[in-house]
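This report concerns only the one structure given below.
Note on naming: letters A, B, ... go to the chains in the order of the sequence lines (proteins, then strands), and numbering restarts at 1 for each one.
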2 protein chains.
Amino acid sequence: MQALTIHQAAETTGWTPRMLRYIERIGLIEPARTESGYRQFGPGELQRLRTLRELLAEHEIGLGDVAFALRMSSDESLSGAVDDWLEATPQRPETVSADEWLEWEQQKHARIIAALTTTKPMETAA
Amino acid sequence: MQALTIHQAAETTGWTPRMLRYIERIGLIEPARTESGYRQFGPGELQRLRTLRELLAEHEIGLGDVAFALRMSSDESLSGAVDDWLEATPQRPETVSADEWLEWEQQKHARIIAALTTTKPMETAA
DNA sequence: GCAACCTTATCAAAGCTGTGTCAAGGTTAG
DNA sequence: CTAACCTTGACACAGCTTTGATAAGGTTGC
């Protein structure tokens with residue numbers, strides 16, 4: 001096994017050296033360094049860089065999206081909060097649960113009065 | 001049941017009407033409509049919008065990030081591909097401390113040297 | 001039937017992303 | 001020693017995101 005320099009890695013992966021530094025900067029790769037600071041791209045990084053290109057192309061996503069996914073995967077409180085938000089009331093606003101309805105009823109006056117000083121709520125469609 | 005108009009919903013949730021339309025546009029909410037096309041924000045929607053603000057503020061993420069998380073949660077092939085890519089990541093320890101980082105860098109160097117056998121392209125540091 | 005909403009569509013500006021390029025300086029190979 | 005690399009940092013620019021403002025027209029309440 002061998003390690004490639006940034007230019008060599010760029011050639012074999014299809015990225016530019018500039019982009020390899022950028023991808024490292026946003027946390028998606030972390031090449032080893034020589035003592036003098038040169039990046040060393042091993043087989044693992046090269047494979048990751050190639051599959052990264054495929055990932056972006058096949059799903060039309062951006063580097064920032066992958067960086068966010070990485071952040072979610074390593075920050076449990078973040079992924080938990082996001083997942084909770086997504087799970088709550090998934091689509092179809094038509095369906096309001098009994099609990100939500102009850103809570104709404106109980107706090108309706110406080111909410112509406114606090115929020116609406118001059119107008120009234122609209123009539124629900126048939 | 002009563003529903004709020006977009007302006008009323010904006011006031012109770014802290015968003016602007018403009019942003020409520022934008023949030024709908026990127027797929028994060030889907031308010032019901034009256035027969036004539038007016039958006040109707042029910043209790044579920046309002047709660048969702050409030051927690052969305054908290055989510056963004058507490059974790060310093062953007063609407064686009066949440067939209068991407070939604071896309072991942074509803075596109076199994078996308079989330080699978082992203083997760084696969086992330087799993088192959090040589091994750092570094094959770095740390096943030098400068099000291100720990102430096103120490104880790106040094107250790108990583110040693111690890112890489114052990115893993116890579118020198119051949120042509122680049123002299124792996126001694 | 002008018003005032004005050006609502007709708008969609010469009011223009012605009014500020015900010016972020018992705019990318020190139022260049023500069024100043026350190027490293028390495030021949 | 002010199003050429004050809006490497007490093008970080010900065011300037012730049014196109015394009016996309018986010019957000020506001022505004023216009024043209026429909027709906028609703030009094």
Side-chain angles (χ1 to χ4, degrees), chain A residues 2-11 13-41 45 49 52-53 55-57 60-71 115-126, chain B residues 2-41 45 49 52-53 55-57 60-71 105 109 118-126:
Chain A
Q2 55 198 32
L4 302 189
T5 66
I6 196 169
H7 267 275
Q8 294 166 343
E11 282 185 32
T13 61
W15 295 101
T16 59
R18 176 68 169 87
M19 286 311 294
L20 292 184
R21 296 196 183 98
Y22 181 68
I23 292 167
E24 177 181 6
R25 196 166 202 290
I26 65 179
L28 298 185
I29 60 171
E30 192 179 319
R33 299 293 185 114
T34 65
E35 286 182 350
S36 56
Y38 283 24
R39 289 174 183 80
Q40 297 179 119
F41 293 81
E45 319 264 21
L49 287 167
L52 179 57
R53 297 194 114 249
L55 182 62
L56 300 190
E60 296 209 7
I61 64 181
L63 291 170
D65 292 325
V66 182
F68 179 66
L70 172 61
R71 198 181 148 197
L116 315 174
T117 53
T118 59
T119 52
K120 292 182 177 181
M122 67 194 298
E123 201 69 26
T124 301
Chain B
Q2 299 175 82
L4 303 189
T5 66
I6 196 168
H7 268 275
Q8 295 164 344
E11 284 187 34
T12 63
T13 62
W15 295 101
T16 59
R18 177 68 171 86
M19 286 310 294
L20 293 184
R21 297 196 182 96
Y22 181 68
I23 292 167
E24 177 182 6
R25 194 163 204 288
I26 64 179
L28 298 185
I29 60 172
E30 190 181 329
R33 300 291 187 118
T34 66
E35 286 181 353
S36 56
Y38 284 24
R39 289 174 183 81
Q40 298 179 118
F41 292 83
E45 248 55 81
L49 288 167
L52 179 58
R53 298 194 113 251
L55 182 62
L56 300 191
E60 296 211 9
I61 63 181
L63 291 170
D65 292 325
V66 182
F68 178 67
L70 172 62
R71 198 182 147 196
E105 281 292 317
H109 186 52
T118 308
T119 13
K120 289 284 175 156
M122 188 178 197
E123 196 74 23
T124 47

Open item on the list: Expressed as a whole number of angstroms, how long is the span from A/R33:CZ to C/dT28:P?
Closed with: 14 Å

Open item on the list: Nearest to the side chain of B/Y38, heavy atoms from C-beta on, is which of C/dT19, D/dT7, D/dT27?
Closed with: D/dT27

Open item on the list: Can you confirm whether A/L63 sits close enough to A/L52 that some side-chain heavy atom of one is under 4.5 Å from a side-chain heavy atom of the other?
Closed with: yes

Open item on the list: Can you measure B/Q8 atom CD to D/dG29 atom P for me and round it to whole angstrom units?
Closed with: 12 Å

Task: Integer-rounded Å distance: C/dT28 P and A/Q40 CD - done: 11 Å

- [ ] For residues A/W15 and A/R53, determine if any side-chain heavy atom of one lies less than 4.5 Å from a side-chain heavy atom of the other.
- [x] yes

For residues 19-27 of chain B, which side-chain N or O atoms pair as donor and acceptor with protein atoms under 3.5 Å away, sequence neighbours left out?
| unit_1 | atom_1 | unit_2 | atom_2 | d |
| --- | --- | --- | --- | --- |
| B/E24 | OE1 | B/R39 | NE | 2.4 |
| B/E24 | OE1 | B/R39 | NH2 | 3.3 |
| B/E24 | OE2 | B/R33 | NH2 | 3.3 |

TODO: Indicate whether OP1 or OP2 belonging to C/dT28 is found under 4.0 Å from a side-chain N or O atom of A/S36.
DONE: yes

Task: N/O donor-acceptor pair, side chain A/R18 with base C/dT21, under 3.5 angstrom - done: yes

Task: Residue B/Y22, side-chain heavy atoms: nucleotide from C/dT7, D/dT19, C/dG18 that is nearest - done: D/dT19

Task: Minimum-distance nucleotide (side-chain atoms of A/T16 versus C/dG20, C/dT7, D/dG20) - done: C/dG20

Task: Spacing between B/I26 atom CD1 and D/dT17 atom C1', to the nearest angstrom - done: 10 Å

- [ ] Please report, rounded to the nearest Å, how far the C1' atom of C/dT7 is from the CD atom of B/E35.
- [x] 16 Å

- [ ] Provide, to the nearest angstrom, the distance between the CG atom belonging to B/L63 and the P atom belonging to D/dG20.
- [x] 11 Å

Task: Nearest-nucleotide pick for B/R39, side chain only, options being C/dT8, D/dT7, C/dG18 - done: C/dT8

Open item on the list: Rounded to whole Å, please give me the gap between CE in B/M19 and C1' in D/dA21.
Closed with: 15 Å

TODO: Would you name the heavy atoms of B/Q8 and B/A3 that are closest together and state the gap between them?
DONE: OE1-O, 4.5 Å

Task: Minimum heavy-atom distance A/A10-A/T16, with the two atoms named - done: CB-C, 3.9 Å

TODO: Return the 5'-most residue of the pair A/R25, B/W15 with respect to DNA chain D, ranking by each residue's nearest nucleotide.
DONE: A/R25

- [ ] Round to the nearest Å and state the distance from B/I6 atom CD1 to D/dT27 atom P.
- [x] 17 Å

